[in-house]
There are 2 protein chains.
Amino acid sequence: MSKNPEKAIWDAARKIFLSRGLSGARMQDIADEAGINKALLHYYYRSKDKLFAQIFEKELVEFVFNLESIFTSDLSFFEKIERFVEQEIQTFLECPELPLFLLNELAQQVSCSRSEVKCMHNNNLRLLFRELVKTEIKEGRIKEIDPDQLFIHVVSLTVYPFLAKPMIQAMMDLSEDGYKEFIQVRKGEICRFVYDSLSAEDKEKFSITKIF
Amino acid sequence: MSKNPEKAIWDAARKIFLSRGLSGARMQDIADEAGINKALLHYYYRSKDKLFAQIFEKELVEFVFNLESIFTSDLSFFEKIERFVEQEIQTFLECPELPLFLLNELAQQVSCSRSEVKCMHNNNLRLLFRELVKTEIKEGRIKEIDPDQLFIHVVSLTVYPFLAKPMIQAMMDLSEDGYKEFIQVRKGEICRFVYDSLSAEDKEKFSITKIF
DNA sequence: GTCTATAATTTGATAGAC
DNA sequence: GTCTATCAAATTATAGAC
């Protein structure tokens, strides 16, 4: 390795874990990627599980934390949403495996009462957003909507295309560049879609046909 | 096992693979789940990889195939979308691990030129939807929008909440029942959100502030 | 067909020289 | 600290009795 071994191992492990997950990753592959010997992994990080746990927690905390700052800024509501979408997309274009990695490993956690999950529960991202939406509704700037559902709307529209990257590429026959182009265009499309929906006049309400 | 062993093994393997993925699954666990001996797994399915490949392909093909029928029905456009959302949600409430399983294993595929992926590429789901949207736009019943983006919008809104189940439960402090309730409510919310957006009057167009 | 026993291989982890 | 060599456990796969 060129840099110090601890850092080299961290970077290598992050790369391998993110692309193959905990159970799919091999210590030998991490060592090779880091350009050092397998024994050094254990010297610096004790075990595979400990190494993974540290990386996973850091990625998760960082990810959640990054989002909070946006909603405390002094931008307008739609600018906040736009900023949110932009930041998510920028993050995931730089590291496309991140969302699938996080969600997949979260789903594998035996106990969901671990510190990382607590950090999500205790974060005020949801509360911040809830207050923002309530205000917008009260002021009559957007339609009535459940803030939690709206939050999931925005996150879904933004994150899903990264989770489904191979499926989207296959269905739409996109090259790597074509996919990135699709995502770039999508940035604006998401904002417009959300804006249109929240600004819509009240017409006859869309009634759910009971099919089942 | 009570039923015939081949079927028992299939069901057990499906369950284990869906919850833990290929690399996380153990042949011993599958044998235990099926109530038979490990050697029988190999007798019926040769190897772990072959067993997995068969199950994965079946799940993927079935999943894609089920969706096509909706868009060839004689429902109205919004009823088709509603039906699509309902069917997806029903499928995933019955098998919540399915979406994460499919997307995760698709992302792990070394070569994305395998038959399963070809089946997606060659399916006409996208083309069917594209024509539907074009017609609606031409007839002036919905706003102008790229059909591909709209398709991903609808799928995102529907599928993401299942992919992010643990995160949503943690953030919103939901029990198992609370989560199901959230999803049920969401069914209507998605339809309304999409309907509102596609029906919105043209106002001043939402301009993307250049932040970066 | 189904089992027990075991082989063959992979893989996480450690001992010990330098 | 870093390496080579090796162990111990886990895991896929098979041989062979019944």
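In this text the structure is predicted, and so the values were computed from the model without any measurement. In what follows, chains are A, B, ... by sequence order, proteins preceding strands, each numbered from 1.
The separation between A:Arg20 atom CZ and C:dG12 atom P is 11 Å, rounded to whole Å. A straight line from CZ of A:Phe52 to C1' of C:dG12 spans 16 Å, rounded to a whole angstrom. The NE2 atom of B:His42 sits 17 Å away from the P atom of D:dG16 (whole-angstrom rounding). Rounded to whole Å, atom P of D:dC3 lies 7 Å from atom CD1 of A:Ile36. As a whole-Å value, the separation of B:Leu40 CG from C:dC3 C1' is 8 Å. Protein atom CD of B:Glu6 is 9 Å distant from nucleotide atom P of C:dG1, rounded to whole Å. For the pair A:Tyr45 OH and D:dG1 C1', the interatomic distance rounds to 14 Å; values are reported in whole Å. Spacing between atom CG of B:Asp49 and atom C1' of C:dT9 amounts to 14 Å, rounded to whole angstrom units.
Non-hydrogen atoms lying under 4.0 Å from DNA chain D are contributed by B:Ala25, B:Arg26, B:Met27, all within residues 23-33 of chain B.
Every residue was checked against the ring-ring contact (aromatic ring centres under 6.0 Å, His included) condition with B:Phe77, not counting sequence neighbours, and none meets it. Partners of A:Lys15 according to the side chain to side chain donor-acceptor pair (under 3.5 Å) rule, which considers only residues two or more places apart in sequence or in another chain, are A:Glu33. In this view, B:Lys7 and B:Asp11 satisfy the side chain to side chain donor-acceptor pair (under 3.5 Å) rule, not counting sequence neighbours. By the side chain to side chain donor-acceptor pair (under 3.5 Å) test, B:Glu181 is found to be paired with no residue, residues two or more places apart in sequence or in another chain being considered. Annotation: side-chain contact (heavy atoms from CB on, under 4.5 Å) contacts of A:Glu176 (sequence neighbours excluded): A:Lys165, A:Gln169. B:Ser47 meets the side chain to side chain donor-acceptor pair (under 3.5 Å) test with no other residue; sequence neighbours excluded. With sequence neighbours left out, the ring-ring contact (aromatic ring centres under 6.0 Å, His included) criterion links A:Phe84 to A:Phe71.
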For residues 148-155 of chain A, which side-chain N or O atoms pair as donor and acceptor with protein atoms under 3.5 Å away, sequence neighbours left out?
unit_1: A:Asp148; atom_1: OD1; unit_2: A:Arg126; atom_2: NE; d: 3.1
unit_1: A:Asp148; atom_1: OD2; unit_2: A:Arg126; atom_2: NE; d: 3.4
unit_1: A:Asp148; atom_1: OD2; unit_2: A:Arg126; atom_2: NH2; d: 2.9
unit_1: A:Asp148; atom_1: OD2; unit_2: A:Arg130; atom_2: NH2; d: 3.0
unit_1: A:Gln149; atom_1: OE1; unit_2: B:Arg186; atom_2: NH1; d: 2.9
unit_1: A:Gln149; atom_1: NE2; unit_2: B:Phe182; atom_2: O; d: 3.4
unit_1: A:His153; atom_1: ND1; unit_2: A:Gln149; atom_2: O; d: 3.3
unit_1: A:His153; atom_1: ND1; unit_2: B:Arg186; atom_2: NH1; d: 3.2
unit_1: A:His153; atom_1: ND1; unit_2: B:Arg186; atom_2: NH2; d: 3.0

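Listed by first and then second residue, the ring pair (Phe, Tyr, Trp, His ring centres under 6.0 Å) pairs that reach into residues 19-38 of chain B come to none, sequence neighbours excluded.
Rounding to the nearest 0.5 Å gives a distance of 9.0 Å between CG of A:Leu75 and CD1 of A:Ile70.
Within 4.0 Å of A:Tyr44, counting heavy atoms only, lie sugar-phosphate atoms of the nucleic acid but no base atom.
Checking C:dT2, D:dG1, D:dT12 against every side-chain atom of B:Tyr43, the shortest atom distance belongs to C:dT2. The nucleotide whose nearest atom lies closest to any side-chain atom of B:Lys48 is, among C:dT14, D:dT12, D:dT14, D:dT12.
Using five terminal pairs a side, the axes of the helix from C:dG1-D:dC18 to C:dC18-D:dG1 at its two ends make an angle of 10°, given in steps of 10 degrees.
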Detail all sub-3.5 Å separations between protein N/O atoms and N/O atoms belonging to nucleotides 4-8 of chain C.
unit_1: C:dT4; atom_1: OP2; unit_2: B:Asn37; atom_2: ND2; d: 3.0

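At a cut-off of 3.5 Å, with distance as the only test, a side-chain donor of B:Ser23 or A:Ser23 sits close to an acceptor on the other residue.
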